[in-house]
J.: 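Please see the structure below; I have some questions.
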Amino acid sequence: MSGRNTFYTTTPIYYVNDVPHIGHAYATLACDVMARFKRLDGFDVHFLTGTDEHGQKVEKAADAAGMSPQAFTDKVSQSFRDLVGVMNYSPDNFIRTTEKRHYASCQALWEKLVASGDIYLGKYAGWYSVRDEAFYAEDETTVGPDGKRRAGPVNNEVEWVEEPSYFFKLSAWGDRLLEFYEKNPRFIAPESRRNEVISFVKGGLQDLSVSRTSFSWGIPVPGDPKHIMYVWLDALTNYITECGYPDESNPLWRFWPADVHVVGKDIIRFHCVYWPAFLMSAGLVPPKRVFASGWWTTEGQKISKSLGNAIDPVAVTQEFGVDPVRYFLLREVPFGNDGDFQRRALIGRLNADLANAYGNLCQRVLSIVAKNCGSVVPPKGTLTDEDNALLGRAKGLLAAVRAEIDEQAFHRALIAIWEVIADANRYVDAQAPWALAKTDPVRRDTVMWVLAETIRRVTLLVQPFMPESASKILEQLAVPQEARAYVAFDQELVPGAALPKPQGVFPRYVEPAKAAS
RNA sequence: GGGCCCGUAGUUCAGCGGUUAGAACGAGCCGCUCAUAACGGUUAUGUCGCAGGUUCGAAUCCUGCCGGGCCUACCA
């Protein structure tokens with residue numbers, strides 16, 4: 001294989017009972033930025049996203065739609081696949097849990113768990129609400145004056161249900177999990193999630209029911225096909241299915257263990273408790289890190305179906321452009337926190353950070369070069385302390401951004417880049433190249449070279465966040481495709497290279513005039 | 001009930017024991033004119049949720065209270 005370092009990142013696989021909204025877009029975006037950064041940084045990268053297509057809910061939704069489950073999931077899965085294009089993601093593959101190879105992988109994993117003695121046949125019993133399709137613990141139920149037992153958000157009637165089920169001996173894994181967390185402090189991020197998971201495990205683990213007989217849309221248990229595997233066992237396994245499991249000679253197996261699973265904060269437990277337990281039981285290494293992203297609200301309100309206030313990625317990107325939306329999502333909120341999607345804040349970021357600070361910097365520099373330096377990279381003369389100060393900060397950016405990306409601190413990476421952009425704008429004013437044009441054109445050329453070179457470095461680092469816009473700017477600097485990876489970070493602009501006519505990349509957003517009514 | 005986060009300028013946040021509490025955006029004023037009415041400089045605003053305590057010294061540590069959010073397992 002390649003001798004390069006590998007980097008494997010995954011999104012949650014999205015459950016096909018929902019249409020994609022900004023929350024889905026967000027988790028995948030984080031992975032996309034990491035994947036793009038690591039590719040540019042010379043890593044052998046694999047970036048996986050996909051859909052989770054089994055389970056009772058899907059079976060019922062398909063039935064209600066008068067479709068076969070397969071036809072139904074084909075349809076809904078496509079809307080998530082379309083999001084890849086809408087948001088300009090760069091996954092290496094889009095996995096579906098209905099793929100044949102995934103059945104084989106899950107069944108192989110199951111057999112490993114059996115061989116380890118961690119699976120046994122028992123009986124799953126509990127108070128079940130048909131309306132909610134959920135089991136409730138005894139203390140979650142109440143008996144009303146009519147003698148009927150009820151539970152759940154709308155207090156639906158529950159009945160005692162018993163069904164045979166296979167169990168995973170999770171109860172035996174508590175100490176080993178705690179030891180694993182202890183030895184791998186980076187395994188769960190952010191910190192508060194780590195605390196939650198540890199306290200959950202310390203509270204004692206019960207065995208986990210890992211098969212159902214109440215529906216059939218799923219992966220049959222080997223040797224007992226009446227039983228369908230618990231959807232989470234099925235879903236989590238996608239991450240190793242992709243690497244070829246159980247065939248460890250598959251070339252993609254080099255990517256396991258994954259470097260970062262990005263997940264929503266609601267599914268942290270499945271990824272941080274069940275998943276490492278399954279893997280260790282099967283003799284596999286758990287992933288290196290699970291990062292829980294927060295939730296987005298809309299203009300201060302929770303996203304809810306009844307309010308219909310979910311942000312549609314297609315609509316926002318059409319209105320504001322893909323790159324500004326990508327920038328906003330990662331800059332506005334520290335990754336791991338909850339965020340509020342405010343239209344006003346998005347416009348503020350677009351205008352202040354992109355159009356004014358960065359876009360205008362490129363424009364003012366490139367138009368001087370075009371008008372006064374003959375549309376070529378200007379000659380680099382003797383550098384002053386001011387020149388070296390600015391260039392030095394631009395050079396330092398790669399290491400700084402790399403460190404932030406490795407912590408999934410995307411907002412801090414962007415802050416670091418934008419500090420250099422602000423420095424560059426200050427430098428333009430301090431050097432006043434328009435005045436130098438009359439007094440010292442040689443010095444003016446050097447100033448313009450320093451600026452162009454600074455924009456080159458900044459833009460190389462902007463690439464993972466805003467690929468399309470960065471590419472346009474690099475074209476205007478005549479940086480060839482092969483000089484855009486970080487191995488070429490120190491490959492300075494060569495004076496004399498011809499430059500195309502500059503063009504604005506981030507137009508200001510002006511609220512359209514209200515139509516007369 | 002138990003546990004974990006959080007509450008700092010209009011807004012988003014940084015600071016997490018030590019000089020007059022910071023940044024960005026937004027607002028005012030000044031400058032510049034290369035540029036996307038962009039850029040730079042500058043000013044202003046805060047009982048650092050409340051009340052106690054520890055300390056020579058607390059936004060920063062401890063306790064209590066108030067307010068917000070999350071976790072507390074088998075729908076995913």
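Each chain gets a letter, A, B and so on, in the order its sequence line appears, and its residues count up from 1. Only a predicted model underlies this, so the values are computations on that prediction, with no experimental measurement involved.
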J.: Centre of A:Phe328's six-membered ring, under 6.0 Å away, within 45 degrees of the axis: is that where NZ or CZ of A:Arg349 sits?
T.: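 Here A:Arg349 fails the 6.0 Å and 45° test against A:Phe328.
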J.: Looking only at atom P, what distance separates B:G22 and B:U63, rounded to whole Å?
T.: 29 Å
J.: Per the side-chain hydrogen bond (donor to acceptor under 3.5 Å, both in side chains) rule, what does the pair list look like for residues 21-31 of chain A, sequence neighbours excluded?
T.: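 For residues 21-31 of chain A, and leaving out neighbouring residues, the side-chain hydrogen bond (donor to acceptor under 3.5 Å, both in side chains) pairs sorted by first residue read A:Tyr14-A:Thr28.
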J.: One character per nucleotide, please: for nucleotides 29-43 of chain B, 5' to 3', B when the base has a protein heavy atom closer than 4.0 Å, S when only the sugar-phosphate does, - otherwise.
T.: --BSSBBB-SBSS--
J.: Could you work out the separation of B:U45 and B:A21 based on their C1' atoms and round it to a whole Å?
T.: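 Roughly 13 Å separates the two C1' atoms.
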J.: When you compare B:C16 with B:G7, how far apart are their P atoms, in angstrom units rounded to a whole number?
T.: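 Roughly 13 Å separates the two P atoms.
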J.: Between the protein and nucleotides 44-46 of chain B, which nitrogen or oxygen pairs are less than 3.5 angstrom apart?
T.:
none

J.: Just the rounded figure in Å: distance from P of B:C25 to CZ of A:Arg343.
T.: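 Those two atoms, CZ and P, are 22 Å apart.
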J.: Quick one: side-chain hydrogen bond (donor to acceptor under 3.5 Å, both in side chains) partners of A:Asn195, sequence neighbours excluded?
T.: none
J.: What is the separation between atom CZ on A:Phe278 and atom P on B:A73, rounded to the nearest whole Å?
T.: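 After rounding, the reported distance stands at 17 Å.
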J.: Using a 3.5 Å cut-off on both pairing distances, which stems of three or more Watson-Crick or G-U pairs include RNA chain B?
T.: B:1-7 with B:66-72, B:10-13 with B:22-25, B:27-31 with B:39-43, B:49-53 with B:61-65
J.: Write down the distance between CD (A:Glu196) and P (B:G2), rounded to a whole number of angstrom.
T.: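 Whole-Å distance recorded here is 17 Å.
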J.: I need the CD-P distance between A:Glu191 and B:C70, as an integer number of Å.
T.: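 Computing the A:Glu191:CD to B:C70:P distance gives 20 Å.
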J.: Go through the structure and list residues passing side-chain hydrogen bond (donor to acceptor under 3.5 Å, both in side chains) with A:Thr51, not counting sequence neighbours.
T.: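 Listed in chain order: A:Glu53, A:Ser77.
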J.: So which one's nearest nucleotide on RNA chain B is more toward 5', A:Arg269 or A:His411?
T.: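 By nearest-heavy-atom nucleotide position, the 5'-most residue is A:His411.
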J.: Could you tell me how far B:G49 sits from B:C6 if I compare only their C1' atoms? Round to whole Å.
T.: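 B:C6 and B:G49 have their C1' atoms separated by 11 Å.
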J.: Are A:Arg212 and A:Tyr124 in a cation-pi contact, defined as NZ or CZ under 6.0 Å from the six-membered ring centre and within 45° of the axis?
T.: yes
J.: Can you sort out which residues in residues 197-220 of chain A have a heavy atom within less than 4.0 Å of RNA chain B? Ascending by number, please.
T.: A:Ser199, A:Phe200, A:Gly204, A:Leu205, A:Gln206, A:Asp207, A:Leu208, A:Ser209, A:Arg212
J.: With rounding to whole Å, what would you report as the distance between B:G28 and B:A35 at their C1' atoms?
T.: 24 Å
J.: Under the ring-ring contact (aromatic ring centres under 6.0 Å, His included) test, which residues partner A:Tyr103, sequence neighbours left out?
T.: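 Once residues adjacent in sequence are excluded, the partners of A:Tyr103 under the ring-ring contact (aromatic ring centres under 6.0 Å, His included) criterion are A:His54.
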J.: Measure the distance from CD1 on A:Ile268 to C1' on B:C70 and round it to the nearest whole Å.
T.: 12 Å
J.: Would you kindly give the CZ-to-C1' distance between A:Phe167 and B:C74, to the nearest whole Å?
T.: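 A:Phe167 atom CZ is separated from B:C74 atom C1' by 9 Å.
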J.: Can you tell me, in whole Å, how much space there is between the P of B:C48 and that of B:A58?
T.: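 Straight-line distance between the two P atoms is 13 Å.
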J.: If you round to the nearest 0.5 Å, how far is CD1 of A:Ile22 from CZ of A:Phe341?
T.: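 It is 5.0 Å, given to the nearest 0.5 Å.
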J.: Once you apply a heavy-atom cut-off of 4.0 Å, does A:Trp232 come out as touching a base, just sugar-phosphate, or nothing?
T.: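 A:Trp232: base contact, heavy atoms under 4.0 Å.
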J.: Measure CD1/A:Ile228 against P/B:C75 and give the value in whole Å, please.
T.: 16 Å
J.: C1' atom, B:G26 versus B:C13: distance in rounded Å?
T.: 15 Å
J.: Would you verify whether the NZ or CZ of A:Arg269 falls within 45 degrees of the ring axis of A:Phe200 while also being under 6.0 Å from that six-membered ring's centre?
T.: yes
J.: Expressed in whole Å, how much space separates the C1' atoms belonging to B:C32 and B:U42?
T.: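 Those two atoms are separated by 14 Å.
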J.: Between A:Phe270 and A:Asn195, which residue's closest nucleotide on RNA chain B lies nearer the 5′ terminus?
T.: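 With A:Asn195 and A:Phe270 compared, the 5'-side residue is A:Asn195.
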J.: Measure from CD1 on A:Ile267 to P on B:A73 and round the result to the nearest Å.
T.: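 Taking CD1 of A:Ile267 and P of B:A73, I get 18 Å after rounding.
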J.: Does anything in residues 412-425 of chain A form a side-chain hydrogen bond (donor to acceptor under 3.5 Å, both in side chains)? List the pairs, not counting sequence neighbours.
T.: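 Matches after skipping sequence neighbours: A:Arg364-A:Asn425, A:Arg393-A:Asp423, A:Glu404-A:Arg412, A:Asp423-A:Arg426.
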J.: Strictly below 4.0 Å, N to O, side chains only: are A:Arg96 and A:Asp52 in salt-bridge contact?
T.: no
J.: For A:Thr213 and A:His227, what are the C-alpha separation, side-chain angles and deciding distance, and is it a side chain to side chain donor-acceptor pair (under 3.5 Å)?
T.: CA-CA 5 Å; A:Thr213 53; A:His227 287 261; 5.6 Å; no
J.: To the nearest 0.5 Å, what is the distance between CZ (A:Arg331) and CD1 (A:Ile417)?
T.: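 It is 11.0 Å, given to the nearest 0.5 Å.
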J.: Just jot down the side-chain hydrogen bond (donor to acceptor under 3.5 Å, both in side chains) partners of A:Tyr230, sequence neighbours excluded, or say none.
T.: none
J.: Without placing hydrogens or testing angles, list every side-chain donor-acceptor pair under 3.5 Å for residues 444-451 of chain A, not counting sequence neighbours.
T.:
residue: A:Arg444; atom: NH2; partner: A:Asn372; partner atom: O; Å: 3.4
residue: A:Thr446; atom: OG1; partner: A:Gly381; partner atom: N; Å: 2.9
residue: A:Thr446; atom: OG1; partner: A:Val442; partner atom: O; Å: 3.4
residue: A:Trp449; atom: NE1; partner: A:Leu493; partner atom: O; Å: 3.2

J.: Checking A:Asp207 now: which residues fulfil salt bridge (Lys or Arg N to Asp or Glu O under 4.0 Å) with it, not counting sequence neighbours?
T.: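 Salt bridge (Lys or Arg N to Asp or Glu O under 4.0 Å) check on A:Asp207 returns nothing, list empty.
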J.: Using a 4.0 Å heavy-atom cut-off, does A:Arg193 contact any base of the nucleic acid, only the sugar-phosphate backbone, or nothing at all?
T.: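 Sugar-phosphate contact only - A:Arg193 comes under 4.0 Å of backbone atoms but never of a base.
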